[in-house]
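Please read the structure below before turning to the comments.
First the proteins, then the strands, lettered A, B, ... as listed; each starts at 1.
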Number of protein chains: 2
Amino acid sequence: MMFRSHVMNSIAEIPLALRAAYLALHRQSDAAFSEHGVTADQFVLLETLAKGEALTQRDLALRMPSDPSTVRAMLVLLEERGLVRRAPHPTDGRARTAALTAAGQRTFRELWDAGESIRTQAVSELTADDAKALVRILRKVATSLTDGDAVLAKRKQRVS
Amino acid sequence: MMFRSHVMNSIAEIPLALRAAYLALHRQSDAAFSEHGVTADQFVLLETLAKGEALTQRDLALRMPSDPSTVRAMLVLLEERGLVRRAPHPTDGRARTAALTAAGQRTFRELWDAGESIRTQAVSELTADDAKALVRILRKVATSLTDGDAVLAKRKQRVS
DNA sequence: TATTGTTATACTCTATAACTATA
DNA sequence: TATAGTTATAGAGTATAACAATA
C-alpha cells in the first residue's frame, strides 16, 4: 500500500498531523476554560465577537466558521449565561446582531489570559519563523479547501 | 486590547488558523466520505487500523488520539457496518484487538482514493517545502501540547 | 425571489464515573 | 493494585429541512 511506503509522502501526512495538533489544542483549551464553564468552541465565538463589533448571526457563522444553526444554539447557551446579548439589527428587520455583554467581555479577557500558557506551550519548540510560517501555510490550506467549494459549485453549474 | 493591535502577534493567531484549516479539512472529508456512509473521524480510525496490525482498543485510542470510550462507540458503529472486527487478545484476557475486515480494507482504499482530491486541493497553493515544513511544525505543536500534560501532572505531584 | 433567522430533529463525537474481569 | 474494556449517561457541536418574516 502506497501509504505504508518508507518514502512517506508529506502530503499524505498532513491530514493526521493537522488533526492531532488541532485536537491537542482543543483539549487543552477545553480543560483550561472548563473552570469558567466555557468550551473551546464557545471561546472561539466570544473571540470572534470580541474582534468585530456587533455581528449578525450570519456574519458570525461565516467568520467562525460554523453553521448558522450551530451558532444559534451556541448563542442561546451563552445568552443564558449572560455573556452575550442579541438585539434587532438597526436596519435589517430580518437580522439580529450579537455582541458581548460587559460580563462577556470580562470573561473573554480572563479566558484569553488563561489561554496564554497554552499558546506559549504550543510554540515552545518553534522558532519565531516557524510560528510565522505555520500561520501563513495554514491560511493557504484553509483558503484552498474553502475556495474549492466555490470551484466545485461553479463546475457543477457549468455541467447542469 | 492587545489582541486588536495592528502589530498582530503570529503566536496569537495560531489557534484560530489551526482551527480554520482543520475544520475546512474535516468538512470536506465528511462531504467526500458521506456517500460511503463514513464520517471523517471514522476514516481516521480505519486509517489507524490500516497502518498498524490488529491493535487493542487502548492502543487505537492512544494513536488516534481519542478517548477509549469514544473509540469503543465508534468501533461498535463500524462493526455493525461490517468494516471492523474485534477479537479477544491472544495473550491478555482483558484486552480485545480490533482489525479491518476485508470489506473494511476495501472501503478504506476507496476512501483513501476519494480523499486524494482533498489532499491535492489542500496543498494546491503550497510548495513542496511548505508541505514538509507544515508537517514538521504541526508535529512539534502537537507534541508540545501533549507532553504538557505530563509536565503539569509531574508539577502537580511535586506540589502535593 | 432571495435571505435571515428559528425550530425540530437526528447523529456523531466527547468524556466522566461506576463497574466487571483480568493482570 | 493497576489495567482493559463496558455501560450508562450527559452534553456539545454539527447539519439538514421546513418554516416565518423580511428584503
ask   = Should the pair F43(A) and W112(A) be assigned to parallel (<30°), tilted (30 to 60°) or perpendicular (>60°) ring geometry?
value = parallel

note = In whole angstroms, the gap separating P of dG5(D) from CZ of R96(B) amounts to 9 Å

ask   = Hey, does T70(A) reach any base, or is it just sugar-phosphate, or nothing, if we go heavy atoms under 4.0 Å?
value = base

request  = Determine the contact category for D41(B): base if any of its heavy atoms lies under 4.0 Å from a base atom, sugar-phosphate if only primed atoms, P, OP1 or OP2 are that close, otherwise nothing.
outcome  = sugar-phosphate

key: Between dT3(C) (P) and D92(A) (CG): distance, integer Å   = 12 Å

query = Counting any heavy atom closer than 4.0 Å, what does S34(A) reach on the DNA or RNA strands: base, sugar-phosphate only, or nothing?
reply = nothing

key: Options dA21(C), dT4(C), dC13(C), nucleotide nearest the side-chain atoms of R94(B)   = dA21(C)

Closest nucleotide among dT14(C), dG13(D), dA23(C) to the Q42(A) side chain = dG13(D)

Distance below 4.0 Å between R86(A) side-chain N/O and dG5(C) OP1 or OP2 = no

query = Are I11(A) and V135(B) connected, step by step, through hydrophobic side chains (Ile, Leu, Val, Met, Phe, Trp, Tyr) whose heavy atoms are closer than 4.5 Å?
reply = yes

task = Give the rounded distance in Å between these two atoms: CZ of F33(B) and C1' of dT12(C).
result = 16 Å

query = Got a donor-acceptor pair under 3.5 Å from the side chain of S69(B) to the base of dT16(C)?
reply = yes

request  = Figure out the CE/C1' separation between M64(A) and dA12(D), and round it to whole Å.
outcome  = 12 Å

task = Could you tell me whether R72(A) and D67(A) have a side-chain N and a carboxylate O separated by less than 4.0 Å?
result = no

request  = May I ask you to verify if any side-chain N or O of R72(A) is less than 4.0 angstrom from the OP1 or OP2 atom of dT4(C)?
outcome  = no

ask   = For dT14(D), does either OP1 or OP2 sit under 4.0 Å from a side-chain N or O belonging to S66(A)?
value = yes

request  = Tell me which nucleotide among dA15(D), dT3(C), dG5(C) gets nearest to the side chain of A95(A).
outcome  = dG5(C)

Salt-bridge criterion met for E79(A) and R85(A) (N-O under 4.0 Å) = no

ask   = Hey, is the side chain of R58(B) poking within less than 4.0 Å of OP1 or OP2 on dA4(D), counting only N and O atoms?
value = yes

message = Here's a test of your reading of the structure: between G93(A) and R27(B), which maps to the more 5' nucleotide of DNA chain D?
response = R27(B)

Distance in angstrom units between L75(A) CG and dG5(C) P, rounded = 10 Å

inquiry  = Distance check needed: dA4(D) P versus H89(B) NE2, whole Å only.
reply    = 10 Å

key: Nearest-nucleotide comparison on DNA chain C, the residue closer to the 5′ end among P68(A) and R19(A)   = P68(A)

key: Separation of atom CG in L46(B) from atom C1' in dT12(C), rounded to whole Å   = 15 Å

key: Residue met sooner reading DNA chain C from 5', once T97(A) and D30(A) are mapped to nucleotides   = T97(A)

key: Residue E125(B) excluded, over 12 heavy atoms near CD under 6.0 Å   = no

query = Is any side-chain heavy atom of D30(B) closer than 4.5 Å to a side-chain heavy atom of D41(B)?
reply = no

key: Among dG13(D), dG5(C), dG5(D), the nucleotide that comes nearest once only the side chain of T56(B) is considered   = dG5(D)

task = Look at T39(A) and dG13(D) and indicate whether a side-chain polar atom (N or O) is within less than 4.0 Å of OP1 or OP2.
result = yes

task = Rounded to the nearest angstrom, tell me the gap between atom CD in Q57(B) and atom P in dT14(C).
result = 15 Å

